[in-house]
> 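Got a structure for you, written out below as structure tokens; questions coming shortly.
So you know, we letter chains A, B, ... as the sequences are listed, proteins then strands, and number each from 1.
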2 protein chains.
Amino acid sequence: MEEILFNFISKYISINEDEKNAILSLNLFHSVKKGTILLKEGQKSRDSYFVLKGCIRTYYIIDGEEKTTAFYTELDALTPHCVTNHTPSDYFISCVEDSIILISDADVGMEINSKFPKFDTMCRILSEELLAKERVDFDEFKTSSPEQRYLNLIKNRPDLIQRVPQHQLASYLGIKPQSLSRIRARIFEKKN
Amino acid sequence: MEEILFNFISKYISINEDEKNAILSLNLFHSVKKGTILLKEGQKSRDSYFVLKGCIRTYYIIDGEEKTTAFYTELDALTPHCVTNHTPSDYFISCVEDSIILISDADVGMEINSKFPKFDTMCRILSEELLAKERVDFDEFKTSSPEQRYLNLIKNRPDLIQRVPQHQLASYLGIKPQSLSRIRARIFEKKN
DNA sequence: CTCATTTCTAAACTTAAGTTAACGAATTAT
DNA sequence: ATAATTCGTTAACTTAAGTTTAGAAATGAG
């Protein structure tokens with residue numbers, strides 16, 4: 001599991017044994033059971049997450065309804081809005097599957113970044129990449145119909161369709177579960 | 001105009017006269033006429049943009065139709081996907097109004113960042129902030145109807161409704177211009 | 001200033017998503 | 001193992017967005 005992390009880091013910066021040990025000594029790895037809520041609405045937090053194995057999701061509760069807006073799987077990083085913004089969270093984060101997650105407090109991040117300046121560079125590059133990708137994903141969402149969005153999902157993240165409940169996928173696609181059922185039926189009969 | 005930039009930078013890091021002069025010596029400020037295309041689909045580029053005054057937009061051409069997906073106004077920063085991703089651009093960037101824009105090549109960015117390491121930190125914090133905000137905006141989009149999205153726009157970026165053509169706003173809201181017209185009419189008659 | 005083009009609105013019609021309700025299947029809790 | 005809850009699909013109906021077309025208003029070019 002440590003190796004997965006260091007391979008990921010190596011894509012951005014070179015990292016030596018001392019640095020690896022410094023990271024390992026922080027005990028950031030956590031094993032989290034399916035259904036565990038990592039962050040609640042209204043809560044303040046300084047924790048960032050990095051998924052090594054498994055899947056977590058962000059969701060809002062609007063008019064008593066759960067609205068899932070994002071899934072984070074292997075090698076996905078998530079710093080909640082409330083951390084950067086220093087405000088209570090607007091959303092929940094919970095585990096979709098039993099997962100292994102790296103959880104790092106903002107203080108720990110500061111400490112590593114000041115001790116090893118190249119981590120600052122890595123975080124900058126990573127954030128820039130993620131921002132560019134998020135913008136493109138948002139663009140794709142805006143310019144597609146619900147059916148096209150579902151077809152794109154099949155193409156781009158086929159694993160999600162297997163590992164995530166339909167009703168959570170539905171709000172992720174910006175529609176109601178009944179509509180997703182209908183779209184699936186429509187696509188199925190188009191094939192024949 | 002320089003002061004606007006330095007005030008912005010000061011929100012993230014302290015900056016002295018030497019550093020200010022180093023930035024000014026790079027001649028990054030550009031005055032750009034309305035309608036100018038800064039980046040074309042298919043083009044490779046290493047330029048990032050920072051809007052000091054005016055408005056620029058990103059748009060795709062899909063089936064011969066322009067689809068505007070984002071507007072960047074005063075103090076907004078944009079590093080196109082093609083820059084981070086080293087691929088030809090999927091979209092166009094053009095000026096909605098006569099604007100004053102800071103355009104910085106990736107090489108210039110690298111140079112500043114290595115000469116003044118705190119700029120790396122600033123870019124990291126800024127990217128993290130923008131990423132968190134982009135995710136929340138995307139969440140809001142997913143969980144709202146077109147009418148709600150338009151009402152949110154009136155509340156959060158009322159200036160856009162004045163300064164941007166309706167048909168560009170429509171695709172920004174993920175709908176057709178005719179639908180936006182209808183939504184506006186619907187809202188207007190609800191008021192009475 | 002005038003002509004041409006683009007932009008916005010409107011109406012009629014089509015298509016698809018939202019809503020409400022029901023029911024069987026799957027999952028979870030006891 | 002059984003009961004209870006949650007989940008996924010279907011159907012009938014409602015609502016709103018997409019499509020097509022048209023015309024008026026605004027904008028831009030010569």
> Hey, does the side chain of A:Arg184 come within less than 4.0 Å of D:dT9's phosphate (OP1/OP2), counting only N and O?
yes
> Within the structure, does a side-chain N or O atom of A:Lys176 lie under 4.0 Å from either OP1 or OP2 of D:dT9?
no
> Using 30° and 60° as the class boundaries, would you call the ring planes of B:Phe8 and B:Phe50 parallel, tilted or perpendicular?
tilted
> Which is more 5' along DNA chain D, the nucleotide nearest B:Glu147 or the one nearest B:Lys34? Just name the residue.
B:Glu147
> Measure from CD on B:Glu65 to C1' on C:dT7 and round the result to the nearest Å.
14 Å
> Looking at B:Ser179, I'd like to know whether one of its side-chain N or O atoms comes within less than 4.0 Å of OP1 or OP2 on D:dG18.
yes
> Using whole Å, what does the distance between atom P of nucleotide C:dT20 and atom CG of A:Asp63 come to?
12 Å
> From C-beta outward on A:Ile175, which listed nucleotide comes closest to its side chain: D:dA17, D:dT9, C:dA17?
C:dA17
> Looking for any heavy atom pair under 4.0 Å, which part of the strands does A:Arg182 touch: base, sugar-phosphate only, or nothing?
base
> May I have the distance from B:Phe188 (atom CZ) to C:dT9 (atom P), rounded to whole angstrom?
12 Å
> Rounding to a whole Å, what distance do you find between B:Arg149:CZ and D:dA16:P?
14 Å
> Examine D:dT6: is either OP1 or OP2 under 4.0 Å from a nitrogen or oxygen in the side chain of A:His167? Give yes or no.
no
> Give the rounded distance in Å between these two atoms: OH of B:Tyr150 and P of C:dC8.
11 Å
> Heavy atoms from C-beta onward define the side chain here; which of C:dA10, C:dA16, C:dT19 lies closest to that of A:Gln178?
C:dT19
> Could you tell me the separation between the CD1 atom of B:Ile183 and the P atom of D:dA17, rounded to a whole number of Å?
4 Å
> Would you mind reading off the distance between A:Arg186 atom CZ and C:dG18 atom P, rounded to a whole angstrom?
11 Å
> Can you name the nearest heavy-atom pair linking A:Asp90 to A:Glu41, along with the distance?
O-CG, 3.8 Å
> What is the minimum heavy-atom distance between A:Val51 and A:Gly54, and which atoms define it?
CG1-O, 3.6 Å
> Among B:Lys34, B:Arg163, B:Lys53, find the residue that satisfies the side chain to side chain donor-acceptor pair (under 3.5 Å) test when tested with B:Glu97.
B:Arg163
> To the nearest Å, how far apart are B:Glu189 CD and C:dT9 P?
14 Å
> Can you tell me if A:Tyr91 and B:Asp139 form a side-chain donor-acceptor pair at under 3.5 Å?
no
